[in-house]
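Just follow the structure's listing: the first ligand is 1, and inside any ligand the first atom is 1. These numbers come from the heavy atoms of this one structure, side chains and all, not from hydrogens, waters or symmetry mates.
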Amino acid sequence: MSLKLNSLLIHGGTDGDETTGAVNVPVYQTSTYKQDGLGQTRGWEYSRTGNPTRDALEKLIADLEQGEYGLAFASGLAAINTVLSLFHEGDQLIVSDNIYGGTFRILDNVFKNFGITYKIVNTSNLDSVKEAIDEKVKAIYVESPANPLLTVTDIEAVAKIAKAEGKLLIVDNTFLTPYLQRPLALGADIVIHSGTKYLGGHSDTVSGLVAVKDKELADRLYYLQNAIGGVLAPWDSFLVIRGIKTLGVRMDRHVKNAERIAKWLVTNPAISRVYYPGLENDPGYEIQKKQADGPGAMISFELKEEYDYKSFFAQLKLITLAESLGGVESLACHPASMTHAAIPAEIRKQVGITDGLIRLSVGIEDADDLIEDLKQAIEASVKEVG
Ligand SMILES: *Cc1c(COP(=O)(O)O)cnc(C)c1O
């Protein structure tokens with residue numbers, strides 16, 4: 001029976017435990033497995049190579065992303081590290097111009113040392129993508145909506161360009177999750193997640209996931225996963241599976257709250273700019289609507305000159321000042337000094353990550369309370385005149 005997404009969240013991948021009938025996949029807290037004779041395994045040898053709890057999560061993310069193969073890692077960056085290890089000295093990647101700071105850092109300070117380079121391109125501009133492609137370029141790496149300015153890239157259009165040129169398209173789908181956007185179905189080759197965010201959903205575990213369709217690509221990634229070893233532990237695999245069961249109901253509320261807050265921010269005279277692809281006048285609105293089932297729940301905004309962003313953060317009472325996103329609780333962060341501090345000030349300025357930029361991860365609390373908190377923090381952050 002082919003299940004719809006809301007059922008797959010609960011029954012996709014491995015549904016419960018065959019042996020005992022337990023409705024949840026047990027936590028197989030083991031590093032190794034008994035072999036019945038030389039060369040006779042029961043399909044499991046060593047937990048870096050394979051573990052039944054991790055395997056259940058890997059099958060689940062493959063199902064949700066409409067892929068064939070899934071892989072789970074100890075963090076989003078361990079997933080990114082493994083995917084980037086597909087490339088060789090001399091290869092280059094085209095990278096969206098506002099991406100997660102840690103992704104930039106691993107490209108700039110780790111892979112560049114191995115001769116794998118990157119060039120930053122505004123991937124929402126298809127001509128720029130076309131122009132940037134040459135022999136050296138082996139892949140295009142996109143976040144959409146991108147972090148932290150929520151810039152939307154037309155995934156299907158970039159996939160067509162990539163395919164025509166024989167390049168891989170890699171999409172970081174952390175901000176929307178497969179509940180709202182399925183990049184493989186839009187033509188991407190590799191989907192990456194920080195499972196730490198919406199998939200886990202409760203700010204209680206760090207994890208990373210990858211999904212692909214192509215068997216050969218999957219085989220290379222499984223090889224690298226085992227060779228590099230940044231795998232997700234059984235207990236954390238269990239937590240992410242548990243988180244995913246409620247992804248649908250959580251995302252519905254996240255988006256509903258975010259849409260209300262974005263609309264409220266737009267009408268607030270203290271705010272100079274709101275970045276949210278769910279707003280009709282947002283430059284990414286039409287493409288977002290075409291390629292995803294919702295705009296997500298990340299909002300960035302800037303306070304006007306007369307307001308002090310530092311005291312805004314200090315005044316927040318309900319919304320927590322913290323890195324990360326995608327948990328049930330609302331978080332506020334200051335990209336310039338937190339998530340995107342690894343990006344040199346020069347590049348930050350170029351792409352529009354100003355010092356006054358505030359990023360919100362809208363949680364699933366009562367939206368009235370969230371608006372009340374934002375309102376009082378804004379009012380209390382007016383600069384003293386004179
Ligand atoms: C958090 C994040 C990552 C990195 O994931 P970790 O789990 O923190 O290693 C990558 N991409 C995006 C968009 C993220 O938000």
Side-chain angles (χ1 to χ4, degrees), residues 54 57 61 65 71-85 93 95-111 118 123 141-153 155 170-181 183 188 190-211 225 228-233 236-237 239-240 243-244 251 254 258 275 277 292 295-300 322-327 330-335 338-343 351 353 357 359-363:
R54 192 179 89 222
L57 173 60
I61 194 65
E65 285 289 3
L71 301 97
F73 298 90
S75 68
L77 272 161
I80 292 166
N81 182 7
T82 303
V83 168
L84 293 179
S85 300
L93 285 95
V95 176
S96 290
D97 68 354
N98 51 100
I99 53 167
Y100 179 69
T103 307
F104 177 82
R105 180 173 53 206
I106 196 173
L107 284 164
D108 195 51
N109 292 337
V110 182
F111 280 88
Y118 64 91
T123 53
Y141 189 108
V142 166
E143 263 181 47
S144 185
N147 197 345
L149 297 174
L150 292 315
T151 320
V152 175
T153 291
I155 296 173
I170 304 166
V171 176
D172 183 331
N173 200 27
T174 300
F175 272 26
L176 292 185
T177 81
Y179 186 70
L180 297 178
Q181 175 170 274
I190 302 177
V191 173
I192 297 181
H193 283 281
S194 168
T196 313
K197 317 295 168 54
Y198 292 103
L199 297 177
H202 297 74
S203 306
D204 54 10
T205 181
V206 172
S207 65
L209 297 165
V210 169
Q225 181 191 39
I228 296 170
V231 295
L232 191 62
D236 298 86
S237 300
L239 281 178
V240 180
I244 287 174
M251 287 313 281
H254 276 296
Y275 299 89
M298 297 300 297
I299 303 174
S300 290
E323 299 220 8
S324 201
L325 59 109
S330 294
L331 304 178
C333 112
H334 181 233
M338 295 165 72
T339 48
H340 291 70
I343 298 175
V351 303
I353 305 170
L357 189 76
R359 191 188 80 178
L360 280 186
S361 168
V362 178

* Which ligand 1 atoms are under 4.0 Å away from a heavy-atom of G76? -> 5 (O), 6 (P), 7 (O), 9 (O)
* **L325 vs L331 side-chain heavy atoms within contact, under 4.5 Å** => no
* With backbone taken as N, CA, C and O and side chain as the heavy atoms from C-beta onward, which portion of I99 lies under 4.0 Å from ligand 1: side chain, backbone, both, or neither? -> neither
* Can the ring centres of Y118 and F104 be said to be less than 6.0 Å apart? -> yes
* To do: Pull out every atom of ligand 1 sitting under 4.0 Å from any heavy atom of S194, numbered as shown with elements.
  => 1 (C), 2 (C), 3 (C), 4 (C), 5 (O), 6 (P), 7 (O)
* Distance from atom 4 (C) of ligand 1 to nearest protein heavy atom, with residue and atom -> Y100 CE2, 3.4 Å
* To do: Scan V83, L107, I192 and name whichever one has a side chain to side chain contact (heavy atoms under 4.5 Å, CB included) with Y141.
  => I192
* To do: Using a strict cut-off of 4.0 Å, indicate which atoms of ligand 1 neighbour a heavy atom of L325.
  => 15 (O)
* To do: Ignoring hydrogens and angles, state whether a donor on the side chain of D236 or S207 is under 3.5 Å from an acceptor on the partner side chain.
  => no
* Closest protein heavy atom (residue, atom, distance) for atom 1 (C) of ligand 1 -> K197 NZ, 1.4 Å
* Structure fact -> Of T174, D172, N81, the one whose closest heavy atom lies nearest atom 11 (N) of ligand 1 is D172
* To do: Using a 4.5 Å cut-off on heavy atoms from C-beta on, say whether the side chain of I80 contacts that of I170.
  => no
* Asked: Listed by chain and number, what are the side chain to side chain donor-acceptor pair (under 3.5 Å) partners of Y100, not counting sequence neighbours?
  -> none
* Hey, which of T151, V171, T123, T153 is the one that makes side chain to side chain contact (heavy atoms under 4.5 Å, CB included) with S144? -> T153
* Structure fact -> Numbered in order shown, the ligand 1 atoms found under 4.0 Å of a heavy atom of S207 are 7 (O)
* Backbone, side chain, both or neither: what part of L77 comes under 4.0 angstrom of ligand 1, heavy atoms only? -> both
* To do: Could you tell me whether some N/O pair between E143 and ligand 1 is separated by less than 3.5 angstrom?
  => no
